[in-house]
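What's counted below: heavy atoms across the whole structure, side chains too, no hydrogens, waters or symmetry copies. By convention in this document, chain letters (A, B, ...) are assigned in the order of the sequence lines, proteins followed by strands, and residues within each chain are numbered from 1.
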Amino acid sequence: MSALVLMAQIAGRRCAMAAEDVRSVIDLGVIAPVPRAPAFIAGITALRSQTLTVIDCRLALGLEAASLYPTDTRAAVVATGGHSYALMVDAIEDIATSLGEPGHIPGGFGAEWQRAATGMIETGIGPALLLDLRPLIAGPLAGARTNRAAA
Amino acid sequence: MDDLLADFIAETREMLEATGGELVAWEADPADRARLDAVFRFVHTVKGNCGFFDFPRLAALSHAAEDALADLRAGRREASAALVSAVLAIIDRIAAMVDAIEAGQDFGADDDAVLIAALGAEDAESDFAHDPAPLLPEQMLAKRGEPAPALAAPRTIRLPVELLDRVMSGVSDMVLARNDLAHRLRESGTQPTIDGPFERLTAILSDVRDAITRMRMQRIETLFGALPRLVRDLSAELGKQVLIDLEGGNVELDREMIETIRDPLTHIIRNAIDHGIEAPAARRAAGKREIGMLTLSAHQSGNTIAIVVSDDGRGLDEAKIAAKAIATGLITEAEGAAMSRDKILQLIFEPGFSTADSISNVSGRGVGLDVVRQNLEKVGGSIAVSSQPGVGTLFTLTIPLTLSIIAGLTVEVAGQRFAVPQGYIEEIIEADAARLDYAQMGERALITFRGERVPCLLLADVLGLPAPDMRIGTHTLALLRLASGDLFALCVERIHSHGDLVVKPLAPAVMKCGLYAGSALLDDGQPVLLLDVTRIAAEHGLLSEARSRTMRGAEKEARAQATHTARAMLFTAIDGRRAAIRLELVQRIETIPASAVDLSLAQPRAVIDGLILPLAGFGDAPLARPKLRLLRLSDGASELLYAVGDVEDAVELPAELTPVPGDPLVEGLMLQGGRPVAVLSGHALFAAHGRPAEPAERPACLLPDTEWARAILAPLVEEAGYQVVSEDSAKAPGAVSIMMEDLYEVASHLGQLPAGPVIRLRDHPDAPTGSPSIYRYDREGLAKALKAAAGGRA
């Protein structure tokens with residue numbers, strides 16, 4: 001399988017998103033914070049007439065101290081479940097072609113990464129972790145929160 | 001009717017297209033329940049729709065197919081290839097007939113009976129099996145796609161909503177680009193050659209934007225408009241008499257949302273007329289009016305729009321529903337026994353449920369209600385039913401506000417902006433802690449608003465942002481009135497402009513905060529969150545139960561008597577100056593037409609409620625406006641009117657007023673918002689103008705001596721400027737009498753007709769020809785007759 005992927009740095013690690021999931025890459029403008037929302041929701045921003053929910057990918061992966069990493073002024077826009085999101089990352093790097101199927105490595109990628117990753121892929125510019133957008137957008141505590149809502 | 005027909009054709013086509021895939025899948029696996037349901041729904045809808053038009057052949061075909069499918073659904077029959085083919089053949093025939101209807105041609109082939117008979121065939125050896133195989137949907141579509149020469153030109157076009165969305169967001173983007181350009185132009189200074197065209201661009205853009213927004217929005221009227229006809233036709237068909245009452249037609253809804261609720265609403269109305277409202281004889285026997293009432297009302301409450309459909313029919317039979325649910329296996333007997341009445345009633349929305357004893361042509365087998373719920377839930381809405389046996393049934397449909405446009409206010413707190421729906425806002429006040437009578441009771445803050453203690457939330461606290469200290473400085477508070485009637489104050493830092501906001505849904509993770517109802521874009525392209533006022537109030541325990549509310553009302557009254565502070569009504573006088581007058585003197589704020597004012601005398605006067613009252617506050621100003629706002633003042637014995645430009649607010653009077661020597665008309669000065677305001681002297685006003693009201697000459701009107709006349713007729717008659725006199729009081733010469741038709745006849749036989757003019761009322765809306773009587777609920781006719789009688793007398 002060879003498919004286009006968008007390469008990005010998240011918390012200093014190289015990640016990839018399937019290009020077909022990414023609608024566009026935008027310059028992040030004013031972000032209006034959402035008080036009392038989970039930390040990984042950086043706020044909402046406007047993309048033309050649309051409202052995007054801005055997700056800080058570092059925090060969405062359950063990694064603390066996002067401030068340790070630089071933040072790109074650009075963000076990847078993805079849509080899932082009828083809503084559009086802007087993904088905030090360290091840096092958006094390039095478009096690359098993935099070589100082969102996503103694979104796993106012994107011992108996994110670590111709990112939080114494991115949850116949000118489809119697997120490792122090889123690309124022209126080296127290996128990257130292919131992200132699964134749904135669990136990423138659901139945030140680190142998604143499981144716990146759903147349970148509470150159901151109770 | 002043509003529009004309805006076009007809708008019918010378009011709808012049937014759309015359903016055929018949507019059902020196409022289901023048909024193929026069902027043919028492949030006739031046991032597939034979901035496909036079967038989809039096919040069933042299609043024929044059911046066709047049957048229901050063609051009931052309104054006169055298409056007996058379509059009705060017969062669809063009814064036959066529906067019967068066969070219903071048997072399959074109920075397990076009374078096994079699906080066989082022959083049956084599937086027969087049903088498909090009927091659906092093909094429906095498609096062909098719809099084409100013919102649109103072209104206005106007669107449908108030629110006359111072998112419907114053969115198709116219907118094929119449904120009864122048990123196996124593949126039926127006669128029908130020898131017929132050519134039914135067309136597959138693909139072929140069907142191809143066939144329909146053939147240009148039919150006689151086809152009428154389409155009267156309307158249907159656009160995919162996505163296209164509208166694209167146009168709409170394109171225009172929004174254009175507005176943002178314009179704003180950006182405007183910004184740059186401002187920076188580079190005035191350039192007349194560019195500014196002119198730019199202004200024009202701005203104007204055009206705002207026009208286009210308005211038009212585009214309206215394109216998506218529709219008043220719910222457009223949906224309501226077709227209902228009276230539907231109700232009339234249905235009730236005629238079922239031999240019932242039903243009146244429909246529509247309210248709230250001006251509520252605006254997204255066009256797509258209106259389309260989504262059109263079918264559910266129609267289904268519910270059909271059900272109400274078919275099953276809810278009884279036949280006239282049964283209604284008479286139950287002591288009700290023969291004419292059943294069906295009421296539809298739409299209102300926007302908070303973040304949802306509620307549509308309530310109520311009828312005054314027989315209500316839902318709880319026992320019957322429970323029995324039916326047990327019989328169809330929806331619930332077990334034990335479950336049924338444990339369920340509350342309310343829970344049992346909601347079972348009618350379960351798939352495959354119906355209570356009708358006989359299957360009529362109209363509402364069929366209750367296929368509607370499960371689909372109704374499904375359709376509503378698809379867009380995030382819900383439906384509930386409540387009912388009282390013998391009294392009526394009430395369906396409440398709620399649909400989310402998303403995509404709706406609401407009027408909103410933006411407020412600022414800690415440097416961030418949020419939007420609040422305007423509908424909640426009762427008043428905005430700006431004051432310091434002392435004036436607000438701010439008090440902290442435990443964790444709860446209270447302010448005093450018009451003598452009432454109102455809980456106060458700091459928006460900053462609610463949102464977890466740095467909150468200001470309420471005891472220092474002045475604050476801006478929005479007083480919010482919830483749909484439940486509860487009032488609370490929301491303290492913000494600043495209030496910005498208001499305008500129409502297009503509310504868009506939020507991502508689930510943001511919704512979970514429980515504070516926001518949606519997001520909207522401000523004019524400068526900045527996104528804001530729309531506060532979910534009701535939920536915020538509920539989270540803070542500010543939503544009261546109905547019972548505690550009435551208790552609080554009583555307390556409030558008691559407290560209002562206990563704390564008696566002097567208050568004044570602040571207003572802008574006709575000459576533009578701000579003034580105040582003690583609140584105790586103000587009875588009411590009235591608005592009267594300028595024609596009721598007489599300025600020709602030295603003492604201006606105005607007529608109000610049939611009384612001639614002195615009018616003050618006019619000065620030398622000419623009577624420029626068509627309507628006049630007045631304060632109606634009373635000192636207990638006499639009344640006078642004071643003309644004002646605008647009424648502002650009720651404020652607390654300081655303990656001592658600054659005296660103004662030399663002006664007897666002013667009691668003193670008070671400070672309001674840093675500026676002096678003259679408090680008018682009630683004493684001087686009444687000394688100069690006050691005198692007991694003179695009754696304007698009001699004609700007398702004699703009413704029938706019934707409860708109805710006293711309760712319902714009397715206010716109407718008084719409104720028309722009459723004085724209602726009772727039968728046994730002295731009969732004024734020339735008094736107008738209102739008599740019921742039957743009494744009039746008796747009186748005329750006995751030669752005891754009253755001397756003055758007589759207005760005759762009848763019980764029945766339809767007049768016998770040549771009768772001068774008026775239907776007793778014909779308000780307009782009655783008012784006209786009263787006016788004529790008064791004119792004749794004068």
Shortest non-hydrogen contact from A/Pro35 toward B/Tyr516: O-OH, 2.6 Å

State, to 0.1 Å, how close A/Tyr85 and B/Pro508 come at their nearest heavy-atom pair, and which atoms those are. OH-CD, 3.5 Å

Determine whether a donor-acceptor pair (N or O, by modelled atom type, separation under 3.5 Å) exists between the side chain of B/Arg417 and the backbone of A/Ala32. no

Let me confirm one number: the [atom1]-[atom2] distance from [X] to [Y], rounded to the nearest 0.5 Å.
X	Y	atom1	atom2	value
A/Arg36	B/Leu529	CZ	CG	14.0 Å
A/Thr53	B/Met511	OG1	CE	11.0 Å
B/Gln526	A/Ile44	CD	CD1	9.0 Å

Does A/Arg134, at its CZ atom, have more than 12 non-hydrogen atoms belonging to other residues, nucleotides or ligands within less than 6.0 Å? no

May I ask you to check whether over 12 heavy atoms, not counting those of B/Glu187, lie within 6.0 Å of atom CD? yes

Tell me, out of B/Cys513, B/Ala507, B/Ala414, B/Gly464, who's got the most heavy-atom pairs with chain A below 4.5 Å. B/Ala507

Contact part of B/Leu463 toward chain A, heavy-atom cut-off under 4.5 Å: side chain, backbone, both or neither? both

